[in-house]
Amino acid sequence: MFRIVRETIEPRALEQIARTTDGGIVTFLGIVRDAADDGKRVSALAYEAFEPMALREFEAIASEAQDRFGEVRMAIVHRVGEVRVGEISVAVLAAAAHRDAAFDACRYAIDQLKRRAPIWKQERYADGTAQWRAGEQG
Amino acid sequence: MFRIVRETIEPRALEQIARTTDGGIVTFLGIVRDAADDGKRVSALAYEAFEPMALREFEAIASEAQDRFGEVRMAIVHRVGEVRVGEISVAVLAAAAHRDAAFDACRYAIDQLKRRAPIWKQERYADGTAQWRAGEQG
Amino acid sequence: MQIRVLLFARLREAIGASERSLELPEGACVEDVWETLARGRPGLGDERRSTRAARNGSLVSFEERLRDGDELALLPPVGGG
Amino acid sequence: MQIRVLLFARLREAIGASERSLELPEGACVEDVWETLARGRPGLGDERRSTRAARNGSLVSFEERLRDGDELALLPPVGGG
């Protein structure tokens with residue numbers, strides 16, 4: 001399940017990709033914090049994506065995780081538009097027979113997503129200003 | 001939030017421990033699989049716990065995770081009684097400002113829980129037989 | 001002295017109770033509790049090596065002396081998760 | 001030839017459109033698109049080094065030659081998650 005959505009992310013919906021042979025599910029939720037790394041008060045983040053390319057990147061990342069960590073089912077859902085403090089901006093779920101593969105695949109996927117997926121984030125501050133923020137590169 | 005419960009675990013309820021400064025939430029869900037490691041068809045697992053000691057162990061594990069990985073909020077909820085295939089037996093949630101601490105703490109907690117918490121698991125098979133199963137020791 | 005013994009999982013099934021109250025002589029240790037329970041249950045011998053004991057909630061060795069009113073939990077190999 | 005240019009985030013804001021259609025001579029490359037857009041926008045100069053280009057959905061260098069009908073996405077440093 002690879003999606004870019006405009007509405008609230010319901011993380012439990014991602015669980016449907018698990019099979020009855022999966023004993024471990026690891027989920028990462030990215031949540032909008034109320035403060036930027038430099039301490040400025042944040043009211044919301046606004047995300048935009050180059051959607052077709054982002055979705056293909058999600059699929060590629062999941063496929064790489066499978067190659068590296070073995071049989072694993074993955075879901076990656078990213079929200080775009082304005083996401084307020086406390087809301088979920090991204091959800092990554094990995095389901096596998098045993099937990100090691102699920103942990104490794106989930107962590108790999110969120111790390112790669114942040115580096116590679118064509119998605120952009122604008123911090124909107126409580127003082128009315130705003131700034132585009134690049135993530136962790138390369 | 002450290003609990004032993006008899007009813008269905010609702011993983012989203014664990015999120016309430018997160019603070020507005022937490023940007024990453026990692027959740028592990030243990031799910032009852034339909035087959036044992038030796039291939040036998042499983043219909044359910046039955047768990048029992050030495051509850052007061054298990055709860056203190058959960059707290060100790062969370063406190064160790066905090067010492068090792070830094071500021072992190074944790075929830076550990078384990079179900080007891082009969083848990084059917086596809087249902088959640090255990091949920092571990094770690095919330096932190098950044099994702100590394102959340103991943104590390106969540107993984108540490110489920111690893112330690114399986115080794116140390118006074119909780120027992122009986123596999124109940126489709127053929128009507130049953131067997132107590134020890135986990136990963138030491 | 002009176003010791004309250006808590007039994008779990010396959011020990012509970014082998015002994016047929018989740019809780020037993022034992023009357024033991026002063027100075028008895030965990031090992032004495034085990035031997036009292038194992039008497040007449042040869043199957044329990046195999047369990048001894050893998051069983052841990054918790055006295056009033058803290059892990060102790062089988063040499064640990066008990067006191068009147070102690071709660072002793074006998075813990076087979078754990079398997080949560 | 002006709003090139004459809006997609007613009008995101010601060011490039012979109014700098015150029016004031018999420019999409020532009022450019023008429024370029026045959027043989028034009030990504031760099032030519034960039035220069036056409038940057039003309040009269042000195043602020044864009046700083047963005048050039050950190051911008052990547054995707055031609056019909058695949059990353060390409062700025063030397064990549066374009067064809068009529070291509071879709072060229074100009075991607076500032078990403079920051080999802």
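This is a predicted model, so every value here is computed, not measured. Per chain, numbering begins at 1; letters A, B, ... match sequence-line order.
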Problem - Region of B:Tyr47 in contact with chain C, defined by heavy-atom distances below 4.5 Å - result: side chain
Problem - Proximity breakdown for B:Ala49 and chain C, heavy-atom pairs closer than 4.5 Å - result: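 The answer is the backbone of B:Ala49.
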Handout entry: Exercise: identify the closest heavy-atom pair between C:Pro77 and B:Ala134
Key =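 Minimum heavy-atom contact is CB-CB, 3.6 Å.
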Practice task
Look only at the side chain of B:Trp120 and the backbone of C:Pro76, and say whether a donor-acceptor pair between them is shorter than 3.5 Å.
Solution key: yes
Problem - Any donor-acceptor pair under 3.5 Å from B:His78 side chain to C:Gly80 backbone - result: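 No; zero donor-acceptor contacts below 3.5 Å.
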Fill in the blank from the handout: CD (B:Gln122) and CZ (C:Arg10) are apart, to the nearest 0.5 Å, by 11.5 Å
Practice task
Find the distance between CZ (B:Phe50) and CD (C:Glu71) and round it off to the nearest 0.5 Å.
Solution key: 4.5 Å
Exercise for the section: Report, by ascending residue number, the residues of residues 54-65 of chain C in heavy-atom contact with chain B at a distance under 4.5 Å; give 'none' if the set is empty. Expected result: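 Answer by number: C:Ala54, C:Gly57, C:Leu59.
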Problem - C:Leu6 versus chain B, the contacting section by heavy-atom distance below 4.5 Å - result: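 It is the side chain, since no backbone atom gets that close.
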Problem - Option that, when pairs with chain C are counted at under 4.5 Å, heavy atom only, ranks first among B:Arg79, B:Glu48, B:Arg133, B:Met53 - result: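 The residue among B:Arg79, B:Glu48, B:Arg133, B:Met53 with the greatest pair count is B:Glu48.
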Handout entry: Atom CZ of B:Arg12: over 12 foreign heavy atoms under 6.0 Å
Key = yes
Exercise for the section: Answer yes or no: are there more than 12 heavy-atom neighbours, outside B:Glu7 itself, under 6.0 Å from its atom CD? Expected result: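 Not buried by this count: 12 neighbours or fewer within 6.0 Å.
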Problem - Pairs involving residues 30-46 of chain C, ordered by first then second residue, that meet side-chain hydrogen bond (donor to acceptor under 3.5 Å, both in side chains) (sequence neighbours left out) - result: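 Listed by first then second residue: C:Glu31-C:Arg48.
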Handout entry: Residue-level interface, residues 61-72 of chain B with chain C, non-hydrogen cut-off under 4.5 Å
Key = none
Practice task
Tell me, please, which residues at least two apart from C:Arg49 pass salt bridge (charged side-chain N to carboxylate O under 4.0 Å, His left out).
Solution key: none
